[in-house]
Amino acid sequence: MHIAVAGNIGSGKTTLAEKLGKHYGWDIEFESVENNPYLADFYADMPRWAFHLQVYFLNSRFNQLKTIQAKTSPTIQDRTIYEDAYIFAANLYKSGYLSQRDYESYLSLFHSMLPHVKAPDLLIYLKADIPKLVGQIEKRGRSYETTMRIDYLKHLNEHYEEWIGGYREGKLLIIDVNQIDFVANPDDFAAIVSKIEREMFGLFA
Ligand SMILES: Nc1ncnc2c1ncn2[C@@H]1O[C@H](COP(=O)(O)OP(=O)(O)OP(=O)(O)O)[C@@H](O)[C@H]1O
């Protein structure tokens, strides 16, 4: 079984994946941030490093998927390969940070991978407005994210809305995290668990 958590930067994917992994005893596949050789450079100079970073993320996510698809134990994944292509790369192209030829090469690579990609059994989308995202990004205080512009987050959110609106690949659970705190408030976490059970197993928990 493959569960994936999707959402904009700072929406709380990693934290929720950790909590659900612990709650259900699922394996967790994280996004590799610490060892990413391009991320800090990318935030300092997006046009220069956009293509490099996208190829890096695409490859790392594809390898992660191969691992998940080869396993029999249930696994929760922190961000999907769809977000790399349909959200981040598309946004960088539309914002002029990826050139036409680089974007076309990227898409060609992504389309070569796509036949080997199976959609998750359940996609959990964490929907958050800009103030919530900004608050959480500030709270965690990663130095390279301090240069991030509000516009960048806004454009990413627009891409998320469009992608989620048309998502038909599998089961989808949308969780609006604007008014909840599933870390500080156990009831909020329990409500998420109930929604997951209803979606996955049709139970009224
Ligand atoms: N394809 C991509 N293109 C550009 N940046 C990306 C891409 N994938 C991930 N990132 C960035 O890499 C970093 C990854 O951080 P992390 O895994 O903690 O997730 P996050 O997006 O910050 O989400 P959350 O706070 O919900 O866990 C973030 O700055 C994120 O936006």
Side-chain angles (χ1 to χ4, degrees), residues 4-17 29-33 36 38-62 64-65 77-100 102-104 106-107 109-110 113-114 117 119-120 123-169 172-180 182:
V5 188
N8 205 341
I9 305 168
S11 56
K13 296 179 301 297
T14 308
T15 312
L16 183 65
E29 284 287 331
F30 290 113
E31 194 165 60
S32 52
V33 186
N36 189 307
Y38 295 112
L39 199 53
D41 284 335
F42 166 74
Y43 278 118
D45 184 351
M46 288 195 180
R48 168 78 181 85
W49 296 106
F51 184 69
H52 304 71
L53 181 73
Q54 291 316 307
V55 169
Y56 176 85
F57 267 122
L58 191 64
N59 183 49
S60 107
R61 208 89 59 189
F62 186 63
Q64 208 178 49
L65 267 178
Q77 183 193 19
D78 177 0
R79 193 165 266 146
T80 62
I81 197 165
Y82 302 129
E83 292 162 82
D84 292 312
Y86 302 141
I87 311 288
F88 285 92
N91 179 53
L92 287 168
Y93 169 62
K94 282 188 201 148
S95 309
Y97 294 140
L98 267 183
S99 70
Q100 174 103 21
D102 285 350
Y103 186 51
E104 282 171 5
Y106 174 90
L107 282 183
L109 182 60
F110 175 62
M113 293 174 172
L114 217 39
V117 170
L123 178 70
I124 303 170
Y125 170 53
L126 301 186
K127 182 179 163 71
D129 294 338
I130 303 300
K132 177 85 175 184
L133 297 172
V134 170
Q136 296 195 156
I137 292 168
E138 276 175 357
K139 213 178 340 169
R140 75 178 168 209
R142 283 185 192 144
S143 57
Y144 52 81
E145 286 179 347
T146 55
T147 56
M148 197 186 300
R149 305 231 332 262
I150 298 285
D151 266 7
Y152 182 63
L153 284 176
K154 261 193 209 155
H155 291 146
L156 290 173
N157 250 5
E158 287 161 13
H159 280 84
Y160 267 106
E161 287 302 308
E162 200 183 323
W163 170 59
I164 287 296
Y167 184 81
R168 301 283 180 274
E169 277 76 5
L172 170 67
L173 178 61
I174 300 176
I175 298 176
D176 188 326
V177 291
N178 285 301
Q179 310 300 336
I180 65 170
F182 57 78

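For Glu169 (side chain) and Pro120 (main-chain N/O), no donor-acceptor pair under 3.5 Å exists by modelled atom type. Remark: side-chain polar atoms of Glu83 are paired, donor with acceptor, to backbone N or O of Thr80 under 3.5 angstrom.
Using a 4.5 Å heavy-atom threshold, the side chains of Gln136 and Lys132 count as touching. Using a 4.5 Å heavy-atom threshold, the side chains of Ile174 and Tyr167 count as separate. Between Asn8 and Ile87 the shortest side-chain heavy-atom distance does not fall below 4.5 Å.
Looking at residues two or more places apart in sequence or on another chain, you find a side-chain contact (heavy atoms from CB on, under 4.5 Å) between Asp41 and Trp49. A search for side-chain contact (heavy atoms from CB on, under 4.5 Å) contacts involving Tyr103 returns Ala89, Ala90, Tyr93, Leu98, Leu107, not counting sequence neighbours.
Closest heavy-atom contact between Asp78 and Arg61: O-NH1, 3.7 Å. Nearest heavy atoms, Val5 versus Lys13: O-CD, 3.6 Å. When all heavy atoms are compared, the tightest approach of Tyr43 to Glu145 is CE1-CG, 4.1 Å. Residues Ser11 and Val177 approach most closely at O-CG2, 4.0 Å, considering heavy atoms. Summarising the geometry of Asn157 relative to Ala128, their closest heavy-atom pair is ND2-O, 2.9 Å, with the distance given to 0.1 Å. When all heavy atoms are compared, the tightest approach of Arg79 to Ile9 is NH2-N, 3.9 Å.
Between Trp163 and Tyr82, the angle of the ring planes lies from 30° to 60°, which puts this pair in the tilted group.
Here the two rings, on Phe57 and Tyr38, have centers that are 6.0 Å apart or farther.
Counting non-hydrogen atoms of other residues, nucleotides and ligands closer than 6.0 Å to CZ of Arg149 gives a total of 12 or fewer. The environment of Tyr97 atom OH is sparse: at most 12 non-hydrogen atoms of other residues, nucleotides or ligands sit within 6.0 angstrom.
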